[in-house]
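Read through the structure below, which is laid out as structure tokens, and then see the notes.
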Amino acid sequence: AQKVTQTQTSISVVEKTTVTMDCVYETRDSSYFLFWYKQTASGEIVFLIRQDSYKKENATVGHYSLNFQKPKSSIGLIITATQIEDSAVYFCAMREGGNYAQGLTFGLGTRVSVFP
Amino acid sequence: GALVYQYPRRTICKSGTSMRMECQAVGFQATSVAWYRQSPQKTFELIALSTVNSAIKYEQNFTQEKFPISHPNLSFSSMTVLNAYLEDRGLYLCGARDWGTYAEQFFGPGTRLTVL
């Protein structure tokens with residue numbers, strides 16, 4: 001069974017600095033997709049970035065980047081030059097790729113608070 | 001862009017009654033639609049995954065008898081919560097995906113269910 005674990009409950013950072021969040025996953029599939037979403041204060045869930053298991057390069061989108069360490073089953077999210085608006089709960093999620101008809105398995109989330 | 005709408009955004013129902021929520025995908029084809037529930041203090045629980053023209057797959061602890069789902073075309077899905085009780089309260093999220101285009105799911109803003 002697939003499982004996603006985020007051990008950090010909350011992180012506080014000063015604006016314009018870098019924040020790193022951890023996520024480890026478990027899967028028996030050799031092909032899978034990893035995602036990061038954020039949930040804003042209003043409850044909106046926004047897709048941020050994804051990593052395909054077969055890709056060696058770390059994905060980067062805007063000021064979001066991933067630290068994909070496949071041997072450790074780890075997919076960390078890095079946010080550089082944080083802004084107040086980055087305050088949200090960040091969820092790591094996984095979908096096993098062998099079966100298209102799969103939902104996502106989510107971690108418990110990490111609350112990030114960005115202060116001026 | 002890919003957008004997902006959900007209605008209603010909030011609803012209150014009396015214990016033992018039922019309520020229906022809708023999900024609409026705009027800008028892409030919702031080949032599959034996953035319904036999740038986010039309960040207070042919890043992460044996202046997958047209720048079921050629906051694929052157009054295919055059977056709906058319910059996760060353990062969720063049944064068709066309690067959460068009937070309709071997914072008649074590539075832009076619309078609905079789910080009903082029958083005989084709602086206190087434990088059914090939470091934020092119900094619809095995550096839609098276009099198998100041919102995106103690996104990621106796009107989420108609607110959710111329907112927040114309060115049960116009195």
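Just so you know, these numbers use all the heavy atoms, side chains as well, and skip hydrogens, waters and symmetry mates. Throughout, protein chains are lettered first and strands after them, A, B, ... in sequence-line order, and every chain is numbered starting at 1.
In the hydrophobic cluster analysis, where Ile, Leu, Val, Met, Phe, Trp and Tyr join through side-chain heavy atoms closer than 4.5 angstrom, A:I78 is grouped apart from A:Y25. The same ILVMFWY cluster, assembled from side-chain heavy atoms under 4.5 Å apart, contains both B:I69 and B:F62. Linking Ile, Leu, Val, Met, Phe, Trp and Tyr whenever their side-chain heavy atoms come within less than 4.5 Å leaves B:V52 and B:W35 in two separate clusters. Follow the hydrophobic side-chain contacts under 4.5 Å out from A:Y64 and you reach A:I75 in the same cluster. In terms of hydrophobic clustering, with Ile, Leu, Val, Met, Phe, Trp and Tyr side chains grouped at heavy-atom distances under 4.5 Å, B:V81 and B:I47 are assigned to a common cluster.
Around the OH atom of B:Y7, the shell of radius 6.0 Å holds more than 12 heavy atoms that belong to other residues, nucleotides or ligands. Atom NZ of A:K3 sits in a sparse spot, with 12 or fewer heavy atoms from other residues, nucleotides or ligands closer than 6.0 Å.
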Please walk me through it: do B:E104 and A:W36 pass side-chain contact (heavy atoms from CB on, under 4.5 Å)?
-> CA-CA 10 Å; B:E104 57 269 24; A:W36 280 91; over 6 Å; no
Are A:R95 and B:R97 close enough, and set up right, to give a side-chain contact (heavy atoms from CB on, under 4.5 Å), and what steps lead you there?
-> CA-CA 12 Å; A:R95 179 171 66 80; B:R97 188 166 80 88; 3.3 Å; yes
Given B:Q105 and A:Y37, is the side-chain contact (heavy atoms from CB on, under 4.5 Å) satisfied, shown in steps?
-> CA-CA 10 Å; B:Q105 281 183 352; A:Y37 289 85; 3.7 Å; yes
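Looking at heavy atoms from C-beta onward, A:I45 lies in side-chain contact with B:F44 at the 4.5 angstrom threshold. You'll find the side chain of A:E44 stays beyond 4.5 Å of the side chain of B:F107, heavy atoms only. Within the 4.5 Å cutoff, the side chain of B:L91 has heavy atoms near those of the A:Q39 side chain.
Proximity to chain A (any heavy atom under 4.5 Å) is shown, for B:E59, by neither the backbone nor the side chain.
Residues of residues 106-116 of chain A lying under 4.5 angstrom from chain B, judged on non-hydrogen atoms, are A:F106, A:G107, A:L108 in numerical order.
Checking side-chain atoms of B:Y36 against main-chain N and O of A:L104 turns up a donor-acceptor pair under 3.5 Å.
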